[in-house]
Protein chains: 2
Amino acid sequence: MTTIYQVAEHAGVSLSTVSRVLNGRKTVNPKLREKVELAMQELNYRPSSVARSLATNRTDSIGILVSELDTPFFGEMVQAIEVTLRQANKHVIITVGHNDLAQEVDAVEFLISRRCDALIMHTEGMSDEQLAAINQDRIPIAVINRDVPGIDDGCFCLDNEQGGFLATEHLIAMGHRQIGYISGPRNKHDAMERLSGHKRALAEGGLDFLPEMVFEGHFQELDGRDGLRYLKQQNPALTAVVCANDWMASGAMSCARDMGLDLPRDLSIVGFDNLMFAHHVFPKLTTVSNPVNKMGEMAAKSILNRVYDQQHVLQPLYDAQLVVRDSVFDLNSL
Amino acid sequence: MTTIYQVAEHAGVSLSTVSRVLNGRKTVNPKLREKVELAMQELNYRPSSVARSLATNRTDSIGILVSELDTPFFGEMVQAIEVTLRQANKHVIITVGHNDLAQEVDAVEFLISRRCDALIMHTEGMSDEQLAAINQDRIPIAVINRDVPGIDDGCFCLDNEQGGFLATEHLIAMGHRQIGYISGPRNKHDAMERLSGHKRALAEGGLDFLPEMVFEGHFQELDGRDGLRYLKQQNPALTAVVCANDWMASGAMSCARDMGLDLPRDLSIVGFDNLMFAHHVFPKLTTVSNPVNKMGEMAAKSILNRVYDQQHVLQPLYDAQLVVRDSVFDLNSL
DNA sequence: CTGTTAGCGCTTTCAT
DNA sequence: ATGAAAGCGCTAACAG
């Protein structure tokens with residue numbers, strides 16, 4: 001590998017002149033600049049980002065921590081981050097936490113020891129306090145899908161309450177009155193917010209909220225099956241169910257089919273997240289979109305602002321949007 | 001940030017002793033080792049991988065180049081790579097090429113300037129020659145889903161021919177005789193191998209290969225629609241179609257439904273790749289599995305062998321496997 | 001505007 | 001077994 005020193009020698013200038021050319025300083029004689037650039041070409045010189053990092057105490061790398069990589073949700077998020085950051089000539093180091101606290105902590109230590117300039121994470125495992133502490137004492141953090149007190153200008157969330165509201169409101173507008181709800185785990189913020197939205201829609205629609213019409217799942221496909229079975233049992237006249245994510249909606253769908261129900265005629269289903277497969281299931285799933293790519297982009301830009309002095313306009317809260325497809329039956333049409 | 005020097009001072013030993021402890025050298029007096037370790041604890045010392053990289057000329061980082069990140073195919077691949085590599089205390093720097101040659105070349109330069117120790121790529125854009133040249137002159141490469149002459153012990157492929165064979169063989173076993181084929185682009189290796197397998201199955205099943213029963217697609221969902229329409233027109237008695245990937249199979253499915261066909265009764269469909277959504281479509285898709293996570297793991301291990309002197313056992317060619325679900329109708333049952 | 005010099009934090013001979 | 005010293009490739013005062 002050619003070094004800056006060899007370039008200097010070849011061009012007949014000093015080390016620092018080459019460094020200046022490299023960093024685009026204006027205070028370089030055009031003739032010298034030309035000579036240096038030629039030398040770099042001839043020697044096929046590539047700057048060592050490692051040496052530069054050591055000297056500047058910056059790595060231009062941002063650590064990413066996600067639960068998984070093999071689902072479109074995280075894939076879209078990470079891709080948006082990578083594209084945004086690489087445009088700014090930064091790079092991403094990706095780690096996967098597998099929803100396991102120990103692995104997440106390990107990953108964060110790993111990223112810090114790699115001297116990342118900042119972290120972007122989507123995690124459920126670490127507590128607000130842990131995150132805030134790291135953000136203050138060690139390294140700037142941006143968080144997606146979570147609102148952590150103590151991390152200012154670094155949290156980017158979907159308006160989950162509004163999303164939950166939208167889903168149920170749609171069902172009510174389509175004439176449904178017997179509506180079940182398959183929620184996410186009680187201890188998850190976003191899950192509970194979605195449920196609140198559901199309750200608000202019920203109230204505004206003049207319907208009573210019945211606790212027995214809520215089944216607590218864990219965002220897994222199987223919970224959709226269990227949930228639907230439970231809800232059907234609670235209320236055989238059920239005409240619709242809203243699921244707190246698309247996976248559970250998909251599970252509810254196959255369960256419904258196993259029960260011999262004709263979809264969407266006999267049962268309407270609404271999902272949440274608008275994952276890539278939402279339009280692959282049959283009937284195509286009506287769901288609430290989660291602009292995860294936008295949030296990824298924002299998280300990246302917030303880092304660009306905080307760490308690299310850029311000036312992007314940030315938007316912390318994202319509106320949910322209802323994506324109407326074919327999984328809700330219009331009872332008014334009868 | 002604490003440095004090795006401060007640790008040395010705190011422990012009352014020399015710089016080099018700390019370094020030895022850090023690298024687990026055996027030639028350190030246990031008492032001193034203990035003192036050093038205590039000092040590291042007390043000062044909350046974290047080694048700087050940047051400084052180490054500069055000194056060792058190694059970054060312990062591996063660059064990844066994929067076309068996309070937002071599809072399960074690449075997601076699974078990258079995740080397998082990350083997990084394998086991080087166990088070995090290496091890390092991955094991920095770039096996305098978007099199927100664009102210029103961006104791919106750019107990404108590779110980027111990764112090299114980041115001083116990655118090796119590259120793992122899944123790319124269609126760069127030529128065999130380009131790849132082989134980079135591998136020889138610049139940086140070790142492992143390639144997934146492609147067999148590049150000149151990259152030894154670094155190519156990991158699915159047996160596409162066998163996969164194509166399996167798909168069609170299954171259809172024939174189920175009594176189908178009028179079988180259409182929606183292929184990938186003619187200029188893609190894997191696409192053509194899958195088609196060869198199809199032809200071999202036809203031949204072994206005693207069926208004629210009819211060129212007009214093949215539609216050339218580009219692996220996009222829409223091609224499945226176009227393909228099915230075309231094939232139906234060529235042969236209205238068509239009972240089955242094999243698609244060279246799951247996306248096109250999904251497209252063919254919705255098209256079939258639009259045509260008023262009852263699936264799988266009126267039309268059997270087989271896909272390829274076994275993407276995550278394959279069991280979300282209805283009817284659940286019978287398809288050929290592509291162990292992309294295994295190949296990712298192997299690619300990672302091959303790098304571990306070549307660059308970091310580890311000794312993993314490698315498997316270059318992977319058997320395709322038929323995953324039987326519900327999208328093929330058994331004509332023998334009539 | 002250009003060159004000299006001193007680090008950045010670590011590894012690695014080479015002596016002791 | 002331990003320490004001293006040089007160097008990895010670059011940036012950033014500082015002096016001229």
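Since the model is a prediction, treat every value here as computed from it, not as a measurement. By convention in this document, chain letters (A, B, ...) are assigned in the order of the sequence lines, proteins followed by strands, and residues within each chain are numbered from 1.
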Protein heavy-atom contacts under 4.0 Å, written 5' to 3' over nucleotides 10-16 of chain D as B (base), S (sugar-phosphate only) or - (none), form the string BBBB---

Would you name the heavy atoms of [X] and [Y] that are closest together and state the gap between them?
| X | Y | answer |
| --- | --- | --- |
| E76(B) | D70(A) | CG-CB, 3.5 Å |
| G150(A) | A132(A) | CA-CB, 4.5 Å |
| P149(B) | D128(B) | CD-OD2, 3.4 Å |
| A191(A) | F219(A) | CB-CZ, 3.9 Å |
| S127(A) | R146(A) | C-NH2, 3.4 Å |
| I120(B) | L85(B) | CD1-CD2, 4.5 Å |

side-chain contact (heavy atoms from CB on, under 4.5 Å) with F156(A): of N145(A), L317(A), L314(A), V143(A), only one passes, and it is L314(A)

Starting at CD of E9(B) and ending at C1' of dG3(D), how long is that distance when rounded to a whole Å?
15 Å

Five-pair end axes of the helix from dC1(C)-dG16(D) to dT16(C)-dA1(D) and the angle they enclose, rounded to 10°:
40°

Using the benzene-type ring in the case of Trp, are the ring centres of Y45(B) and H10(B) under 6.0 Å apart?
no

Span of DNA chain C, from the first to the last nucleotide whose atoms fall under 4.0 Å of chain A heavy atoms
dC1(C) to dG9(C)

For T59(B), does its backbone N or O pair with a side-chain atom of D117(B) as donor and acceptor, under 3.5 Å?
yes

So does K31(A) get a backbone contact from the side chain of N29(A), meaning a donor-acceptor N/O pair under 3.5 Å?
yes

Of all of residues 26-44 of chain B, which get a heavy atom below 4.0 angstrom from DNA chain D, listed by number?
T27(B), V28(B), N29(B), L32(B)

Which atom pairs, donor and acceptor, lie under 3.5 Å between side-chain atoms of residues 291-306 of chain A and protein residues at least two apart or in another chain?
from: E297(A); atom 1: OE2; to: K301(A); atom 2: NZ; distance (Å): 2.9
from: S302(A); atom 1: OG; to: A299(A); atom 2: O; distance (Å): 2.8
from: N305(A); atom 1: OD1; to: Q311(A); atom 2: N; distance (Å): 3.4
from: N305(A); atom 1: OD1; to: H312(A); atom 2: N; distance (Å): 2.7
from: N305(A); atom 1: ND2; to: H312(A); atom 2: O; distance (Å): 2.9
from: R306(A); atom 1: NH2; to: I141(A); atom 2: O; distance (Å): 2.4

Only distances under 3.5 Å count here; give the side-chain donor-acceptor pairs of residues 93-115 of chain A to other protein atoms, sequence neighbours excluded, each with its distance to 0.1 Å.
from: T95(A); atom 1: OG1; to: I64(A); atom 2: O; distance (Å): 2.9
from: D100(A); atom 1: OD2; to: A102(A); atom 2: N; distance (Å): 3.3
from: D100(A); atom 1: OD2; to: Q103(A); atom 2: N; distance (Å): 3.0
from: E104(A); atom 1: OE1; to: T123(A); atom 2: OG1; distance (Å): 2.6
from: E104(A); atom 1: OE1; to: G125(A); atom 2: N; distance (Å): 3.4
from: E104(A); atom 1: OE1; to: M126(A); atom 2: N; distance (Å): 3.4
from: E104(A); atom 1: OE2; to: T123(A); atom 2: OG1; distance (Å): 3.2
from: D106(A); atom 1: OD2; to: R86(B); atom 2: NH1; distance (Å): 3.2
from: E109(A); atom 1: OE1; to: R138(A); atom 2: NH2; distance (Å): 3.4
from: E109(A); atom 1: OE1; to: R46(B); atom 2: NH1; distance (Å): 2.4
from: E109(A); atom 1: OE2; to: R138(A); atom 2: NH2; distance (Å): 2.5
from: S113(A); atom 1: OG; to: F110(A); atom 2: O; distance (Å): 3.0
from: R114(A); atom 1: NE; to: H91(B); atom 2: ND1; distance (Å): 2.4
from: R114(A); atom 1: NH2; to: D60(B); atom 2: O; distance (Å): 3.1
from: R114(A); atom 1: NH2; to: H91(B); atom 2: ND1; distance (Å): 3.1
from: R115(A); atom 1: NH1; to: P47(B); atom 2: O; distance (Å): 3.4
from: R115(A); atom 1: NH2; to: R46(B); atom 2: O; distance (Å): 3.0

Would you indicate whether N23(A), at its atom CG, is surrounded by more than 12 heavy atoms from other residues, nucleotides or ligands within a distance under 6.0 Å?
yes

Base, sugar-phosphate, or nothing: which does V13(A) touch, judged by heavy atoms less than 4.0 Å apart?
sugar-phosphate

